[in-house]
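Taking it in order: structure first as structure tokens, then the write-up.
Throughout, protein chains are lettered first and strands after them, A, B, ... in sequence-line order, and every chain is numbered starting at 1. When reading the values below, keep in mind they use all heavy atoms of this one structure, side chains included, and skip hydrogens, waters and symmetry mates.
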Protein chains: 2
Amino acid sequence: MHKPTIEDVAKLAKVSTATVSRVINKQGGVKSSKEQRILEVIEELAYIPNAVARSMVRKITNTIGVIIPDINNPFFPLVVSGIEQQARKKGYFTILCNTNESPEIEEELIQILLERSVDGLIITTANEYGHQLQPVIDRRIPVVAVDRQIRNYEVDTVLVGNMDGAYQATRHLILQGHKKIAIIRGPQNTTPGYERFVGYRRALEDYNIPLLDEYVLEGDFKEESGYLDTQKLHSLQDRPTAIFTANNLMTLGCLKALTKIGWVLGEEVSLIGFDDLDVAEFVNPQLTVVSRPMRQLGEAAFDLLYEKMTHQGEWTKRHYVLSPKIKIRQSCVLRPSKTME
Amino acid sequence: MHKPTIEDVAKLAKVSTATVSRVINKQGGVKSSKEQRILEVIEELAYIPNAVARSMVRKITNTIGVIIPDINNPFFPLVVSGIEQQARKKGYFTILCNTNESPEIEEELIQILLERSVDGLIITTANEYGHQLQPVIDRRIPVVAVDRQIRNYEVDTVLVGNMDGAYQATRHLILQGHKKIAIIRGPQNTTPGYERFVGYRRALEDYNIPLLDEYVLEGDFKEESGYLDTQKLHSLQDRPTAIFTANNLMTLGCLKALTKIGWVLGEEVSLIGFDDLDVAEFVNPQLTVVSRPMRQLGEAAFDLLYEKMTHQGEWTKRHYVLSPKIKIRQSCVLRPSKTME
DNA sequence: CTGTTAGCGCTTTCAA
DNA sequence: TTGAAAGCGCTAACAG
């Protein structure tokens, strides 16, 4: 048993490897009787061209690497779907890697993708300082950052308006009459974590509501932290009447905590979340959220990358900012409590 | 600008490429002063070994392909997490591909992975007949099927007890007093679709409940179909008092439909779903489900694959069947309706 | 311990 | 239209 090679095909078809290569790559200029014969032999041998060997001489792989921090956060698979779809259209193959929010794993993954000579990289980094990208930059491999920026390098970036969305969310709460508004924010060394907090702060400022430290809690964008922080808020002397959670998973954790400790949503406390989630429609009252166009995010990211990969010309840094949209349901206005029924 | 190669390193360090190779691959037997120098040069040049060239001579890539049908179904990312974790431990790199349930894309992806010379393949196929796997089998590349079987080839398989889980679910409904139990089943040409239906049927048989055609609807495991089928059930003259939905997404669709058409869960109709989902804890009453050990599924799959990749000896077909667990919440017993309060 | 050398499978001049 | 031949960057005998 041995994988058939181009040479096996050439021998059996009684032509040179060069001719077989021409056929495989549809370059034309081969007499059609010969082409016919070669195609038959390929079929017969079940020959599959070796992309490893090809990449070696061509020095391109038609492959892009995609690095995401959390495959179990439904946000990312949606973005990835958008990337994949566009990539497929252009004949690129996508290698998806998951860092699980670990900068170490991310570094390792980058190294591996570089070893495999990917033609481009789309990344939502676990470490925005970006030094792990040095080798990628050095090799002039096109990179696009999605959802989180890269601080120390000139990298094309696709984001949604985090500040904008957070501002809208907070303002919405304010306009419903809330004054005691807490935030469960994300890590402040991440773009989304920081910008969403800024949006929250600005809204408070604009409406002359003081920002209280005890209403600012910080999670890590995972469910558990939303759960814990909600409990902390509940244990406050002076509880907030509304909470803004800075991502989907923390919103979920918050909801679970509310149920657990009996802090009644829509009666004792309002909630608005950044990012939509399935659960939103099933809680009572339904949850108002800031929702983002995930697929478009992915599509835009690939399109940008594609330009860089093809027109080697452009080396200006570009920023795409897509707009979030607030989905108003009912969780932001407090009903009279049940005891009044 | 040109990527440094092993030769650049060798020249600058004044040694042969063979020696550099020894250092890179930690094979030992190199004088440590030389090794030191080489390491420094590697650092200086920011040299990264070219995995493409290496694979070419070694004929292994330390890479496995993972093909899943729907990256947006939370079930799969969880399985993938299990696979990745085990793979990382053993020094394998995972290439994740998404077919979006399309057999055509699957075939293409298999071809590409083969071209890239992956050392092994873990797949949840979109076409259980499995002819698309012929080239993989021909090349003696180890394959493990997860969650869905491959019909026409001897392939190691990791599944959960679909029949078992469905039987338990249906019996649970029966023991709550239900007699009119509908199923929204999956496609019958898929293992999970078929087996879960058999579990349902057996439970009815064992308890002498006739199986009615009008209570057997078929979806495609996507949300939309659960939604539509639920509406169909509701429009029946003689509505069922309980529904068993055969996967998470169809359960979600069913729940949305119930809300939409005002068919009251827990009062007018009971529901049990195959696979847990976030929403389960947030509907009222909370949803009883059959839950599966996703991470373990992935771990077991890689472990099996790893054995095949290393001990080339074994060529017996193995089946792992993990056990599902029923998570009893409250959605299966009907409360008196609100009007009686 | 170290260097020389022969490929791995393919593409791509170049010459015919 | 075709074939011969020179690599792509690396590893693995083999010889020293």
Check your understanding: Just how far is it from atom CD1 of Ile150(A) to atom CD of Glu128(A), taken to the nearest 0.5 Å?
Key -> 7.0 Å

Exercise for review: Could you tell me the separation between the CD1 atom of Ile64(A) and the CD1 atom of Ile122(A), rounded to the nearest 0.5 Å?
Suggested key: 4.0 Å

Point to revise | Residues Asp147(B), Val79(B); criterion side-chain contact (heavy atoms from CB on, under 4.5 Å); working and verdict | key: CA-CA 10 Å; Asp147(B) 192 45; Val79(B) 175; over 6 Å; no

Quick one: is [N] close enough that its OP1 or OP2 comes under 4.0 Å of any side-chain N or O from [X]?
X        : N       : result
Gln27(A) : dT11(C) : no
Lys59(B) : dG9(C)  : yes
Ser21(A) : dT11(C) : yes

Point to revise | DNA chain D-proximal residues of residues 43-50 of chain B, any heavy atom under 4.0 Å | key: Tyr47(B), Pro49(B), Asn50(B)

**Study point:** Sub-4.0 Å heavy-atom contacts from residues 113-121 of chain A onto DNA chain D, ordered by number
**Key:** none

Review point. Can a salt bridge be assigned to the pair Lys308(B) and Asp156(B) using a cut-off of 4.0 Å between side-chain N and carboxylate O?
Key: yes

Review point. Is the shortest side-chain N to carboxylate O distance from Arg22(B) to Glu35(B) below 4.0 Å?
Key: no

Check your understanding: Starting at the 5' end of DNA chain C, which residue's closest nucleotide do you reach first, Asn25(A) or Lys31(B)?
Key -> Lys31(B)

Check your understanding: Would Asn72(A) and Ser81(B) count as a side chain to side chain donor-acceptor pair (under 3.5 Å) if you check the C-alpha gap in whole Å, the side-chain angles of each, and the deciding distance to 0.1 Å?
Key -> CA-CA 8 Å; Asn72(A) 290 307; Ser81(B) 297; 2.9 Å; yes

Taking [atom1] from [X] and [atom2] from [N], how many angstroms apart are they, rounded to a whole number?
X        : N       : atom1 : atom2 : result
Lys3(A)  : dC8(C)  : NZ    : P     : 14 Å
Arg54(A) : dT11(C) : CZ    : C1'   : 9 Å
Arg58(B) : dG9(C)  : CZ    : C1'   : 18 Å

Practice item. Kindly say whether Thr17(B) contributes a backbone atom to a donor-acceptor pair with the side chain of Ser21(B) at under 3.5 angstrom? Key: no

Review point. Which residue pairs satisfy the side-chain hydrogen bond (donor to acceptor under 3.5 Å, both in side chains) criterion with at least one member in residues 97-110 of chain B, sequence neighbours excluded?
Key: Glu84(A)-Asn98(B), Arg88(A)-Glu108(B), Glu101(B)-Arg148(B), Ser102(B)-Glu104(B), Glu106(B)-Thr125(B), Glu106(B)-Gln132(B)

Check your understanding: Considering residues, nucleotides and ligands other than Gln134(B), do more than 12 of their heavy atoms fall under 6.0 Å from its CD?
Key -> yes

Practice item. Run the numbers on Val80(A) and Leu96(A) for side-chain contact (heavy atoms from CB on, under 4.5 Å), then give the verdict. Key: CA-CA 8 Å; Val80(A) 170; Leu96(A) 178 59; 3.9 Å; yes

Review point. Along DNA chain D, 5' to 3', what are the outermost nucleotides having an atom less than 4.0 Å from a heavy atom of chain A?
Key: dT1(D) to dG9(D)

Point to revise | Angle of first-five versus last-five pair axes in the helix from dC1(C)-dG16(D) to dA16(C)-dT1(D), to 10 degrees | key: 40°

Review point. Looking only at side chains, do Gln86(A) and Asp303(A) share a donor and an acceptor under 3.5 Å apart?
Key: yes

Listed pairs, N/O of protein and of nucleotides 3-7 of chain C, under 3.5 Å:
unit_1	atom_1	unit_2	atom_2	d
dG3(C)	OP2	Ser16(B)	N	3.0
dG3(C)	OP2	Ser16(B)	OG	3.3
dG3(C)	OP2	Thr19(B)	OG1	2.8
dG3(C)	N7	Arg22(B)	NH1	3.4
dG3(C)	O6	Arg22(B)	NH2	2.4

